[in-house]
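I have placed the structure first, in the form of structure tokens, so that the comments after it can refer back to it.
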Amino acid sequence: MKVWMADLTYTQQTLSSDIFPAAIAGMIEYAKNTLDFEIDHKIFKFPENLSKAFESEKPDVIGFSNYIWNCNLGLSFAKAIRENHPEILIVMGGPNFPVDSNGQKSFLEKNRQIDFYIYKEGEEGWVKILDILSKNLSSDRVSKIKERKDDLVNTAFIDSSGSLFISKTDTRMSNLKEMTSPYVNGTLDKFFGGRLLPIIQTNRGCPFTCTFCTEGQSYWSRVRKKSQDVVNAEIEYISKKISEFPDDKKRYELYISDSNFGMFKEDIETCKFIANMQEEYSYPKYISVTTGKNKKERVLEAAKLVNGAIKLSGSVQSLDEEVLESVKRKNISADKLLEVAKQAQGVKSNVVSEVILGLPTDSKKKHFYTLKSLVDSSFNTIIMYQLMMLPGTEMNVASSREKFGFNTRFRVLPRCFGYFDIFGDTIVAAEIEEIAIENNTLSFQDYLDCRKMSLVINIFYNEGIFEEIVKVLENIGISPFSWLEKIYDNTDVDKFNSLVSQYIDESTNELWESKSDLEVFANNVENIKKYISGEYGNNLLAKYKALSLTEYFDSVCEIAAIAIEDIIDDHGYQDREILDLTSEIIKFKRLRVSHIFDMSFKEYEFKFKYNVGSDLLRLSESVDSDFNHKKVMYKSPKLLKFKFSDTQKSMIKSYSNLFGSDLAGLSKTLSRVYLRQFFREVVENKQ
């Protein structure tokens, strides 16, 4: 049997999904180990490769993954395949599928090119379909499988009467520990080479019931774990493979797709093994993962073991009790999530929190309160999302929409658009998301105000861009958030005001009231070319962060300095020479950050009166009530040199080669790296 599986990504602007197709490879691996016949399989990530494959052969069955970033892309290819090869069985599966029967029926009726949809866990449903298909390759395969509907699991389809059929729901896989690795068995070898990011999963499930998340359903509440031996073998295989590539062609990250990594004792063993790989292969340098929402002591231990490679996450979404109750998040301790930032000082890791704007009962006041609490708790990165109405969530059902008064708009997902040739025709596709821009307690103007504050935090606060300023303010008793509010209110720097105005205009103009109108617009090749060029459809926070680090960084530094002086004046702080210190801090940051993506790798020198790097950060690990500028003053001024290390140069080149050096490429790079790792290193020039 010829079995093809496709986890497609858009490719023309930059990769919309740069992750290995490990999930579908795992399903192939499971089928090979379970069925009693051979499978001739192919796995596809890039649409161009799938198109080319059809020039010389065709499968008996093809499966498409369905996530928010590739749903329409997969459906478009499936439609073209159905029109040109109606005999091929077409299956789709993934979490981007409605939870209510009306929504499920509507999806399948609209997309009749899909013969069967596999929802929830996919392995058993996939194997059942392949097993029945193997006995009916030469006959009407679709109807033969539907005749065996009682044998199917986790599968939906439209029956001959036009009704929705939902098979029995499997009670979750009980043999997860027995699953073999598609990495170790070589199934994914062709995807190494720097373009894609390796991804593994050590467990499945989430004990929390958040209504905005696809794993909030009770089906996923029990966490099932993979064999530690298999997990270790995958990590070792990936690490060794990565080490075989030159520095400017390799990926430096490992993606772990667990929902609560670090919460379980097995995660500690995983981190110990990763530490061994770091020592032997210098990989991974970064681990992209969502860390556990509870058991923070264990999470912190995990982060220490891997030398700060993990972004520690205390993802609160909101800190307002009414909001948390409305999204069924009361079993997560907000206080413990806030503690993680304060306890992580010695881990040398990014400490990240996530906030969602527009949740039920949210308001501008509540949203600003959450942001202030996170800043004042010393999280060094706050990732700010807008509420997406995801098909596979409780939040998206009609009763929730009506109860909380959601007013929504539509927009094209950043990087998720393109056009591709297959069978002599051109496929045009784009992914469209629905977001909440108002609810019963949040007006559209308040939504825009909150979006503006998101920009301010992303530019001036996230990833320690001005962490030394934050430390000074904490030590002299001023909330860093009040400094950010000064920046939010400031209108003195025309160039920066222009940047903010452009951002707000784009935040408004990207929204469409009618999904069907946007679908028509996005189905036009010429319009898609404008998305690809960057004229439309950017991730605005990432785009304007990239702009702030390039052509606007001088203005960013200027407004940061103005806001410092204003906030110190407001608080009546007596030591006016503190402004001399903050002025040097801003100069220090200019020299570390300016032109960091310029391939000429400029170096700078400057003579400083203050040790605004190591001394300031060391003194401020705990707040010093007697802090003053003299505590970080050199005995005599020192000439410092600012330059990139060879490792930094290789990393910057690697990401430039991978994503490009234009705004879209820089935006994607910023989503994948710890920005501070790119800041120039500082050494004393003793000549």
Side-chain angles (χ1 to χ4, degrees), residues 7 9 11 14-15 17-26 29 43-46 49 180-202 226 228-258 261 267 269-290 302-303 305-311 348-350 644-660 665 668-675 677-678:
D7 177 34
T9 178
T11 58
T14 184
L15 297 184
S17 170
D18 61 333
I19 305 297
F20 271 55
I24 59 172
E29 203 69 26
I43 296 174
F44 298 92
K45 184 70 179 180
F46 305 115
N49 294 346
T180 57
S181 167
Y183 286 102
V184 176
N185 292 338
T187 305
L188 290 165
D189 277 3
K190 70 176 184 178
F191 297 103
F192 284 93
R195 203 172 182 199
L196 295 178
L197 171 61
I199 181 172
I200 65 170
Q201 184 182 53
T202 78
K226 285 188 177 180
Q228 191 66 50
D229 289 340
V230 170
V231 171
N232 290 354
E234 285 193 321
I235 295 169
E236 183 170 20
Y237 190 90
I238 292 168
S239 301
K240 187 175 186 301
K241 274 284 189 182
I242 293 288
S243 71
E244 295 170 358
F245 292 92
D247 287 346
D248 61 349
K249 299 293 184 182
K250 67 175 58 171
R251 295 302 295 261
Y252 292 87
E253 320 99 293
L254 173 66
Y255 198 117
I256 301 178
S257 63
D258 300 11
F261 188 75
D267 299 333
E269 298 307 311
T270 299
C271 286
K272 289 177 180 178
F273 192 82
I274 289 175
N276 293 336
M277 296 300 98
Q278 288 175 321
E279 184 174 349
E280 185 170 354
Y281 296 109
S282 299
Y283 174 89
K285 293 187 182 297
Y286 315 117
I287 299 170
S288 181
V289 66
T290 300
L305 286 168
V306 295
N307 306 301
I310 288 177
K311 280 186 178 182
K348 298 180 181 178
S349 178
N350 238 6
F644 295 102
S645 68
D646 290 340
T647 299
Q648 287 176 315
K649 291 177 183 178
S650 292
M651 290 170 61
I652 292 170
K653 288 178 182 177
S654 175
Y655 284 106
S656 179
N657 291 337
L658 181 62
F659 298 128
K668 183 70 172 181
T669 297
L670 291 174
S671 73
R672 284 290 179 221
V673 303
Y674 296 174
L675 179 62
Q677 299 293 326
F678 286 174

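Values below: every heavy atom of this structure, side chains too, minus hydrogens, waters and symmetry copies. In what follows, residues are counted from 1 in the order of the sequence shown. Since we're looking at a predicted model, the values are computed, not measured.
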Check for a donor-acceptor pair, side chain of Tyr183 on one end and backbone N or O of Ile199 on the other, with a separation under 3.5 Å. yes

Would you name the heavy atoms of Gly186 and Tyr237 that are closest together and state the gap between them? CA-OH, 4.1 Å

Quick one: pull up OH in Tyr655 and CD in Glu253 and give me the separation to the nearest 0.5 Å. 3.0 Å

Glu244 bridged to Lys240 by N-O distance under 4.0 Å: yes

Check whether any side-chain N or O of Arg195 sits under 3.5 Å from a backbone N or O of Asp18 as a donor-acceptor pair, and report yes or no. no

Output all residues satisfying side-chain contact (heavy atoms from CB on, under 4.5 Å) with Glu29, sequence neighbours left out; order by chain, then residue number. Lys32, Asn33, Thr180, Pro182, Asn185, Thr187

Using the side-chain hydrogen bond (donor to acceptor under 3.5 Å, both in side chains) criterion, which residues pair with Ser650? Sequence neighbours excluded. none

From CA spacing to verdict: side chain to side chain donor-acceptor pair (under 3.5 Å), Ser243, Lys250: CA-CA 8 Å; Ser243 71; Lys250 67 175 58 171; over 6 Å; no

Output all residues satisfying side-chain contact (heavy atoms from CB on, under 4.5 Å) with Glu280, sequence neighbours left out; order by chain, then residue number. Met277

Which heavy atom of Arg251 sits nearest a heavy atom of Leu197, and at what distance? NH1-N, 3.7 Å

Using the side-chain hydrogen bond (donor to acceptor under 3.5 Å, both in side chains) criterion, which residues pair with Tyr252? Sequence neighbours excluded. none

Keeping the roles fixed (side chain from Lys226, backbone from Gln201), state whether a donor-acceptor pair exists under 3.5 Å. yes

Report the distance from atom CD1 of Ile242 to atom CZ of Phe192, rounding to the nearest 0.5 Å. 5.5 Å

Please list, chain by chain and in numerical order, all residues satisfying side-chain hydrogen bond (donor to acceptor under 3.5 Å, both in side chains) with Asp258, sequence neighbours excluded. Thr202, Asn203

Any non-hydrogen side-chain atom of Lys241 less than 4.5 Å from a side-chain atom of Asp189? yes

Please round to the nearest 0.5 Å and tell me the distance separating atom OG of Ser181 and atom CD1 of Ile238. 7.0 Å

Decide yes or no on side-chain contact (heavy atoms from CB on, under 4.5 Å) for Phe44 and Ile24, but give the supporting numbers first. CA-CA 9 Å; Phe44 298 92; Ile24 59 172; over 6 Å; no

CG on Asp267 to SG on Cys271, rounded to 0.5 Å: 6.5 Å

Locate the shortest heavy-atom distance separating Leu254 from Pro284; write the atom from each residue and the value. CB-CB, 3.8 Å

Spell out, as yes or no, whether a donor-acceptor pair under 3.5 Å connects the side chain of Ser656 to the backbone of Ile652. no

Just verifying a value: how many Å separate Ile235 CD1 and Ile287 CD1, rounded to the nearest 0.5 Å? 8.0 Å

What are the two closest non-hydrogen atoms of Ile274 and Ile256, and how far apart are they? CD1-CD1, 4.4 Å

Closest approach of Pro21 and Leu196, non-hydrogen atoms and distance? CD-CD1, 4.3 Å

Under 3.5 Å donor-acceptor, Ser288 side chain and Tyr255 backbone: no

On the ring face of Phe20, is Lys190 found with NZ or CZ under 6.0 Å from the centre and within 45° of the axis? no

Here the gap from Asn232 atom CG to Thr270 atom OG1, rounded to the nearest 0.5 Å, amounts to 6.0 Å

So the salt bridge (Lys or Arg N to Asp or Glu O under 4.0 Å) pairs with at least one residue in residues 644-660 (sequence neighbours excluded) are none

Smallest heavy-atom separation, Asn307 atom then Gln278 atom, equals ND2-OE1, 2.8 Å

Is there a side-chain contact between Val231 and Phe273 in this structure, where contact means two heavy atoms from C-beta onward sitting under 4.5 Å apart? no

